[in-house]
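Okay, so here's the structure we're looking at.
Nothing fancy with the numbering, it's 1 onward along the sequence.
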Amino acid sequence: MARSVNAPFMLVLFLVLSCSPFSVVYAIQMNMKSVYCTMSNNCDCDFNPDIKGLEWDLYKNLYGQPLAQEVVSEAVAGFLQMESPDRPLVLSFHGASGTGKTLVSSMVGRHLYGAAMGSPYIHQFIPTLHFPKADMAHQYKMELRRWVEGNLTACARSIFIFDEMENMPPGVIDVLVPFLGPDHVLFQTNYRKAMYIFMSTTGEEIINQLTLKTKLKGQDRDDIRLRDLEASLAQAVFNNPNSGFYQSQIIPAKLITFYVPFLPLSRHHVERCARRELCQRGACQRADVAEAVGRAVSYTVHDGQHFSSTGCKSVIAKVNLFL
C-alpha cells in the first residue's frame, strides 16, 4: 500500500512556497514542467491546431487585408506541416492602428490552442507595461531571456507575441537572436517549434503610400504583393530610432520569416467591421447603425482617397453610441 503524504510536511512546503520570492517559485515550476517534458517526451502541451478554421476565420472576419490573409494562413500551415522545422516561425506585422494586427494574432492563438490569449502557452509582451524604462534595457534582456527559455522548456510549441514594437527600448529584442535562428540548443527542448509574432505601426507610411498608388492606377488591393513591401519594411524598422528593431541584429541576420503588411482601411471596410460587431450582438439587420458608424469615423485624405485614421479600432464604441 502506498504511503500517504505527510500532512504537516505539505503544510510546511505550502508555507515555504507562499513566502518565497516569485523567481524561486517560478524556477520550481519550470523544473517540474521540465521533468514532465523529459519523462513524457511530449512538450506540445495543449497544442491542437485547426488550420482550416484559421483560414476560414481570416477569410470571413479580416477585412481589407488580402495580403495578410494569404501570408499568415500559408506561413502557419507550411510551418506546422514540418515535423521538425529548422527554425521557429517569426512573423512581423506592420500597419496603422486598427487594421487587424491584434485580431490576427488572437485568431492564431484561438485556432492553435483554442483559447485566443487565454492559453498559458501564449505569452504576450507590451513594452509600455513590461519594458517601460529605456535605462533598464540590460535587466530587461536578462529577464526576457530567462522567461523565453523557461517557457520553451515547459512547452516547445509556445507562442510569443510582442505588441507595440515601436515602444520597445532598442537593444532588448536582440536577446532573442539565439532563439530565432537554427543554431541554438535548449536541453531536452525542440525550441524550433515555437512561434513569434511582432506587431508595430513602423512602416505604415510605406504601406499607405503603396496602397494609394495602387488605387490611383486603378488597380485593386489584391494586386499588392509581398515582394512590393518586404524589403522596404525591413529597412524601415532597422533604420527607425523609434523602432524596437532599430539597428537590431535580427534584421540583417534575416531571422524574420515574413514581414506582413496590413493595408489602410476605407469607409467600406469600417462599415463591414461595424456589421460584424452588430451581428455578434444579434442585430445584423441594423444597416443604419453600420452606415452611421462609417460616417462618424475620421478619415485621412490622400489625393482624394479616404483612409480611416483609426482603422476599425473605434468601431465598438461607436456601435454602442448609435445602437
Side-chain angles (χ1 to χ4, degrees), residues 49 51 54-81 85 87-112 116-117 122 124-125 159-168 173 176 180 194-211 214 220-238 240 243-245 248 250-251 253-265 269 273 307-308 311-313:
I51 299 304
L54 174 61
E55 292 174 348
W56 174 247
D57 206 0
L58 287 167
Y59 172 76
K60 183 180 178 183
N61 294 311
L62 180 64
Y63 305 136
Q65 306 299 349
L67 190 53
Q69 290 170 339
E70 177 186 350
V71 174
V72 172
S73 61
E74 291 184 2
V76 173
F79 179 69
L80 295 182
Q81 286 173 0
R87 62 180 64 207
L89 178 62
V90 185
L91 303 175
S92 189
F93 294 172
H94 299 270
S97 177
T99 51
K101 301 184 297 295
T102 300
L103 176 64
V104 173
S105 65
S106 67
M107 287 179 180
V108 171
R110 181 164 61 252
H111 292 289
L112 298 190
M117 299 304 176
I122 300 175
Q124 186 172 21
F125 300 89
I159 299 175
F160 301 95
I161 299 172
F162 294 83
D163 202 353
E164 301 177 5
M165 278 295 292
E166 64 273 13
N167 295 319
M168 176 74 79
I173 208 66
L176 296 183
L180 304 184
M195 290 179 55
Y196 297 81
I197 298 176
F198 301 101
M199 296 187 287
S200 172
T201 58
T202 306
E204 67 172 287
E205 298 86 357
I206 296 170
I207 297 168
N208 292 355
Q209 284 299 323
L210 180 61
T211 306
T214 301
D220 194 83
R221 299 161 75 90
D222 291 7
D223 295 328
I224 298 175
R225 310 312 305 159
L226 192 60
R227 62 177 177 270
D228 300 327
L229 285 163
E230 219 169 5
S232 298
L233 289 176
Q235 185 177 11
V237 298
F238 183 75
N240 190 333
S243 164
F245 285 120
S248 170
I250 291 173
I251 307 304
K254 301 186 184 303
L255 299 179
I256 304 291
T257 313
F258 293 106
Y259 296 87
V260 185
F262 284 73
L263 311 182
L265 302 181
H269 302 117
C273 289
F307 294 141
S308 171
C312 283
K313 200 160 209 174

Hey, does the side chain of [X] reach the backbone of [Y] with a donor-acceptor pair shorter than 3.5 angstrom?
X: E166; Y: S243; result: no
X: Q65; Y: T99; result: yes
X: Q69; Y: L58; result: yes
X: S200; Y: M165; result: no

[atom1]/[X] to [atom2]/[Y] distance, rounded to the nearest 0.5 angstrom?
X: F79; Y: I51; atom1: CZ; atom2: CD1; value: 10.5 Å
X: I256; Y: F238; atom1: CD1; atom2: CZ; value: 12.5 Å
X: F162; Y: N167; atom1: CZ; atom2: CG; value: 14.5 Å
X: M168; Y: D163; atom1: CE; atom2: CG; value: 10.0 Å
X: T211; Y: I206; atom1: OG1; atom2: CD1; value: 11.5 Å
X: I122; Y: L112; atom1: CD1; atom2: CG; value: 7.5 Å

Next on the checklist: Going by side-chain hydrogen bond (donor to acceptor under 3.5 Å, both in side chains), name the residues that satisfy it together with S92, two or more places apart in sequence or in a different chain.
Outcome noted: H94
Heavy atoms only: give me the nearest [X]-[Y] pair and the separation to one decimal.
X: I173; Y: I250; result: O-CD1, 3.6 Å
X: G64; Y: R221; result: O-NH2, 2.6 Å
X: F307; Y: N208; result: CE1-O, 4.1 Å
X: A236; Y: G203; result: CB-CA, 4.5 Å
X: I251; Y: A234; result: CG2-O, 3.7 Å
X: I224; Y: L210; result: CG2-CD2, 3.9 Å

Item to check | Test log, rule side chain to side chain contact (heavy atoms under 4.5 Å, CB included), inputs Y63 and C273 | outcome: CA-CA 7 Å; Y63 305 136; C273 289; 3.7 Å; yes
Item to check | Centroid separation F198 to F245 less than 6.0 Å | outcome: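 Judged by ring-centre distance (under 6.0 Å), F198 and F245 do meet the cut-off.
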Next on the checklist: side chain to side chain contact (heavy atoms under 4.5 Å, CB included) for I197 and F160? Distances and angles first, verdict last.
Outcome noted: CA-CA 6 Å; I197 298 176; F160 301 95; over 6 Å; no
Could you tell me whether the side chain of [Y] reaches within less than 4.5 Å of the side chain of [X], counting heavy atoms only?
X: L233; Y: E230; value: no
X: D220; Y: P66; value: no
X: M107; Y: V72; value: no

Next on the checklist: With side chain to side chain contact (heavy atoms under 4.5 Å, CB included) as the criterion, how do V71 and L67 come out once you've worked through the C-alpha distance, each side chain's angles and the decisive distance to 0.1 Å?
Outcome noted: CA-CA 6 Å; V71 174; L67 190 53; 4.1 Å; yes
Next on the checklist: Applying side-chain hydrogen bond (donor to acceptor under 3.5 Å, both in side chains) as the test, list every pair that has at least one member in residues 100-112; sequence neighbours left out.
Outcome noted: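 For residues 100-112: D57-R110, D57-H111.
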Checklist entry - Out of L176, L255, T257, which one pairs with V90 under the side chain to side chain contact (heavy atoms under 4.5 Å, CB included) rule? => result T257
Item to check | Verdict with supporting geometry, Y196 and L180, side chain to side chain contact (heavy atoms under 4.5 Å, CB included) | outcome: CA-CA 9 Å; Y196 297 81; L180 304 184; 3.6 Å; yes
Checklist entry - Charged N to carboxylate O under 4.0 angstrom, E70 versus R225? => result yes
